[in-house]
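Since the structure comes first, as C-alpha cells, the remarks are kept for the end.
What you see is a predicted model, and the numbers here were worked out from it, not measured in a lab. A note on names: the letters A, B, ... follow the listed sequences, proteins ahead of strands, and every chain is numbered from 1. Only this structure's heavy atoms are used, side chains among them; waters, hydrogens and symmetry mates stay out.
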Amino acid sequence: MVDTRVDLCGVALSNPVIAASGTFGFGQDFAPLYDLNQLGSFSFKGTTWLPREGNPSPRIAECPAGLLNAIGLQNPGVHKVISEELPRIRQVFDKPVMANVSGFSIEDYVRVSELLDAQAQVGWLEINISCPNVHGGGMAFGTDARMAGEVTRAVRAATRKPLIIKLSPNVTDITEIARACEAEGADALSLINTLLGLRLNLKTRKPLLPFGTGGLSGPAVLPIALRMVWQVYEAVRLPLVGMGGVSSARDVIEMMLAGATAVQVGSANLIDPWACPRIIHQLPGAMAQHGISCLRDIIGGAH
Amino acid sequence: MRQTAFTILENTPIARDTYRLRLAGDTAAFKQPGQFVNLSLPGYYLRRPFSACDWQKGELLLIYKVLGQGTADLVALRPGTRLDALCGLGRGFDLNACGRQPLLVGGGVGVPPLYRLARELVARGRTVRVALGFNTAADAFLVGELQALGAQVRVATLDGSLGERGTVLAVCDADSASDFCACGPTAMLKALCAATRLPGQVSLEERMGCGFGACMGCTVMTPAGPLRVCREGPVFDREVLAW
C-alpha cells in the first residue's frame, strides 16, 4: 500500500490533488459526476466583496495545448458565497474547502478574508493577487513585491486560518515576490496563475477576446510552472501548492519533486470533468512504478 | 451529462461547407431537442460544441458547418474514427411550453436542432410550421427532411436563389402561430423577438470552454443575472433574456 497523504499548513489531505479555482465553480457542477470527497480539496471560484458579472463574450480562446481565458472574476460576491454556496458545498463535501479571495484594494482583500475566516468549512484562504483579467486590481498586487507584501500583511492580520498567497508568473523574478509574502506572514504560496497571452481575430484584426489579453493555462504552461515551483522552493521555506497544466498522476509527481506539497488541477477539469478522480486513481500505480511508497517523501526531491 | 466514445459512421457534405456527421454510440443522455454534444477533436485542447440534430438508440446525427480550423479538420475524419464526447449537455426546448401551432425559426447553422424538435412536436399532434433562412440556395439543407416530417416549411435566402428573398423574418407567419422556437445567429434571434410579442424560446450560441458549467466562459447577461449558455441554456425563454 502506498501512502498518498500530505499535510498542507497543518490540515491533512488524503491526497495532494486540489481542484483549482476558476475551473470548479463552487463544486456543484461536479458533485453529480463523482464523490467530491475523493479530492484532497478544492479551491472555490475567486470571490470578491461585491458580485461581479465578469467580462464581455467571448471569454475563451483556444491555443495549442491550452486555452486563453478572460472570465473576469464572475462570482456572486462574498455574502452570497457564505449564505448560499457554502451551505450547498457542505451537502456534497465533508472536508475543509479552500477559499479563493480576489480584490481590487487591500481593504477588499481584508473584508472578504475576515468574513471567510469565520466560516468553519474554510480550511485555507488562498489570496489571488494574480488575476490577469480585471482592471485596477488582481495581478497589480502580485507583480510588485512591496504591494504583495502589503496585501499579505493586511490579510494576515485578518485571519487565523492558513494563509496561502497565489502568485503571478507574469513577473521578472517570482522569488522576489515569494520572499516578500513569506516575510509578511504567509503560511504557503500557490503558483502559478495564468500567463498573460493574446490571440487575434484575423477577420477583424483585433484581439479575439474583447477584454484584449487573456490568461494562458493548460499543458502548454506545465514546464513554466515546474520551473517557477523549482525556483520558489529554493527561495523560501514555505510549503508550496503547485499548479499549471497538471493533467496526470505523472505530472503530480513531477510537480512534487520540483517542490510542491500539494498540487492543483485546473484546465484539465474543463476538458475532462472526471480529471481529478482519474488522476487520484492513477496516483498509487504511478507511485509504485517510480518506487515511491510515501508521497510526502518526494516533496522537493529534485533539489 | 455522460461521456461517450462515438465512432464516425458517415461524414458527408450536404450543402456548401455543411456536413452531415452520423455517429455510433450511446445516446441515452439526450433528453430534449436543443441539447448539445461537446466533441473532442484530434489535435485540439478544447472540445467543440454541436447541437444534436437527431438521435435514436445507438446513433447520433449532427450537422455542422466549417467555421474555423477545428471544423475544417473535422471534415477530413473518415468513418471508423473514434471521437470522445460529453453528451446530453444543456437545457433544450421545453415541449410542454409549446402551444398548438408552434413556429420554428432557424437561421443557417442554427437549423439542425429544429429537426428533432419538429419531429417530437409532430409526434405530439402539433401543427408545426418552419421558417428557414439561408444565405443562398447552395447553403440550404434539411428543407426536404422537415417537409417529410409533415411540417409546413417556408424558406428565405438573402439573394432570393431559393424561396423568398430576404431574411428568415420574410417567411415567419407569426400571426397564426401560438408561439415560436428559434435557433440561429444572435442578430436573427433579436430581430425575431423585436418583430413579435409571441411567447418564445430561443437557443443561443456562445464560445464555450467546458460546456458543462464549470468555467463561466459562455455567460450571457440577463435581468436575472449572469446565466451560463451551456448550463441554464442554450435554450432560454425570451422573457428570461428580456428580448
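In this structure a side-chain-to-backbone donor-acceptor pair under 3.5 Å is missing from R59(A) to C218(B).
No more than 12 heavy atoms of other residues, nucleotides or ligands sit less than 6.0 Å from atom CZ of R205(A). By the 6.0 Å contact criterion, CZ on R207(B) is open, its count of non-hydrogen atoms from other residues, nucleotides or ligands being 12 or less. The 12-atom threshold is not exceeded at CD of E205(B), counting heavy atoms of other residues, nucleotides or ligands nearer than 6.0 Å.
The shortest non-hydrogen separation linking P273(A) to M1(B) is CG-CE, 3.8 Å. In terms of heavy-atom proximity, A214(B) sits nearest to T23(A) at CB-O, 3.5 Å. Across all their heavy atoms, I71(A) and M216(B) have their closest contact at CD1-O, 3.5 Å. Scanning both residues, Y45(B) and A268(A), for their nearest heavy atoms gives OH-N, 3.6 Å. Scanning all heavy atoms of the two residues, the minimum distance from I60(A) to M208(B) falls at CG2-O, 4.0 Å. In terms of heavy atoms, Q74(A) sits closest to T219(B) at OE1-OG1, 2.6 Å.
S57(A) contributes atom OG, which lies 6.5 Å from atom CE of M221(B) (distance to the nearest 0.5 angstrom). Interatomic distance, CG of L270(A) versus CG of L46(B), reported as 8.0 Å (0.5 Å rounding). A distance of 8.0 Å separates CG of L86(B) from CG of D272(A), quoted to the nearest 0.5 Å.
Heavy-atom distances place no part of F26(A) under 4.5 Å from chain B, backbone and side chain included. Residue L208(A) touches chain B through its side chain alone, counting heavy-atom pairs closer than 4.5 Å. Neither the backbone nor the side chain of N69(A) comes within contact range of chain B; no heavy atom of the residue lies under 4.5 Å from a heavy atom of that chain.
Comparing G225(B), G43(B), C215(B) by how many heavy-atom pairs each has under 4.5 Å with chain A, the most go to C215(B). Note on G22(A), C63(A), G66(A): by heavy-atom pairs under 4.5 Å with chain B, the leading option is G66(A).
Here E62(A) pairs with R48(B) in a salt bridge; the nearest charged N to carboxylate O distance falls below 4.0 Å.
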